[in-house]
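Comments concern the structure below.
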2 protein chains.
Amino acid sequence: MPPETPPARHVIEALADPTRRAIVEALRAGPKPVGVIAGGLPVSRPAVSQHLRVLTDAGLARVTPKGNRRYYELAPEGVESLRRYLDTLWDDALAAFADAARKSARE
Amino acid sequence: MPPETPPARHVIEALADPTRRAIVEALRAGPKPVGVIAGGLPVSRPAVSQHLRVLTDAGLARVTPKGNRRYYELAPEGVESLRRYLDTLWDDALAAFADAARKSARE
DNA sequence: ACTTACGGTAAGCCAAGGCTTACGATTCGA
DNA sequence: TCGAATCGTAAGCCTTGGCTTACCGTAAGT
């Protein structure tokens, strides 16, 4: 059995919030402790903690406790899950598109 | 100038709602009028109309008025936009991952 | 040991948005 | 031309969820 990738809908709902997207953007530079992340954002630290919970549940982030701090980093699993979902959407959209083109060409 | 693809955040926020995802799923089979879409869902037709508005604004759907009915179909633009966003996320996540691996290997 | 820093959790407030009903506009069928 | 069907929009209700303050546990430094 594959290592159980998180459902795409959790990933989408996690990325739907602007603050969470900002956190993701911040993590693109590399692992950061909660306080540092919150320092660069216009919301409180507890808010960031709550968002990080959602992000980790969605498989978009990982934690690595390092003594006193907890370092969060981007996790590939969530992104991959969403990407697979979009791939099928993409295929179907293209197929429907080609279908419509074929149908309109017939007239 | 490229044909102006919609911002990825609109696409994500559009796909964040379960009902809208259900509509997208319904449209994967091909173009459908509003009434038919609403018929397969547990919400009213006006609700579907409102959702379709969001989906078209996000570049995920297109309309083709056909006499009395309005046929909605999936549009590739929105999906592509979100896919590009995920590609950069993916790359950065992998890079950070490799970086962390390299760092931990050093110990 | 005691103090300080870091961060997760709870309770509560409040705005955002999804749903419904009601209405109006447009188009097809008879 | 008249009634019926399709669909978009407006107004209003109510749930969802994001934010803050307050509190607690844990680890580090002195």
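Labels below follow one simple rule: chain letters A, B, ... track the order of the sequence lines, proteins then strands, and each chain is numbered from 1.
- Looking at the side chain of A:P46, the nearest of the listed nucleotides C:dG18, D:dT9, D:dA22 is D:dA22.
- A donor-acceptor contact under 3.5 Å links the side chain of B:Q50 to the base of C:dT20.
- When distances are taken from the side chain of B:R20 to each of D:dG18, C:dG18, C:dC6, the shortest belongs to C:dG18.
- Salt-bridge check for A:R28 with A:E25: passed, with a basic side-chain N closer than 4.0 Å to an acidic carboxylate O.
- Between B:D57 atom CG and C:dG17 atom C1' the separation is 15 Å, expressed in whole Å.
- Atom CG of A:L55 is separated from atom P of D:dG17 by 15 Å (rounded to the nearest Å).
- Between B:T19 and C:dG18 there is no side-chain N or O to OP1 or OP2 distance below 4.0 Å.
- Note on B:R70: a side-chain N or O is less than 4.0 Å away from OP1 or OP2 of D:dG8.
- In this structure, CD of A:E13 is placed 11 Å from P of C:dG18, rounded to the nearest angstrom.
- A salt bridge does not link B:R83 with B:D87: none of the charged nitrogens is closer than 4.0 Å to a carboxylate oxygen.
- Interface remark: the A:R53 side chain does not form any donor-acceptor pair with the C:dG7 base, using a distance-only criterion of under 3.5 Å.
- A straight line from CD1 of A:I37 to P of C:dC6 spans 14 Å, rounded to a whole angstrom.
- Across all their heavy atoms, A:L52 and A:V34 have their closest contact at CD1-CG2, 3.8 Å.
- Sequence order on DNA chain C of the closest nucleotides to B:R45 and B:V54 puts B:V54 first from the 5' end.
- Look at A:S44 and you won't find any side-chain N or O under 4.0 angstrom from OP1 or OP2 of D:dT21.
- Put simply, CG on B:L52 is 15 Å from C1' on C:dC19, counting in whole angstrom units.
- Applying the 4.0 Å criterion to OP1 and OP2 of C:dG8, one finds that A:Y72 has a side-chain N or O inside that range.
- Minimum atom distance to the side chain of B:V34 is reached by D:dC7, of the listed C:dG8, D:dT20, D:dC7.
- The OG1 atom of B:T64 sits 5.0 Å away from atom CD of B:E73, with the distance rounded to the nearest 0.5 Å.
- D:dT6 atom P lies 16 Å from atom NZ of B:K32, rounded to whole Å.
- Rounded to whole Å, the distance from NE2 on A:H51 to P on D:dT16 is 18 Å.
- The pair B:R21-A:E13 meets the salt-bridge criterion, with a side-chain N (NZ, NE, NH1 or NH2) lying under 4.0 Å from an Asp/Glu carboxylate O.
- For B:N68, counting side-chain heavy atoms from C-beta on, the closest listed nucleotide (D:dT6, D:dC7, C:dG8) is D:dT6.
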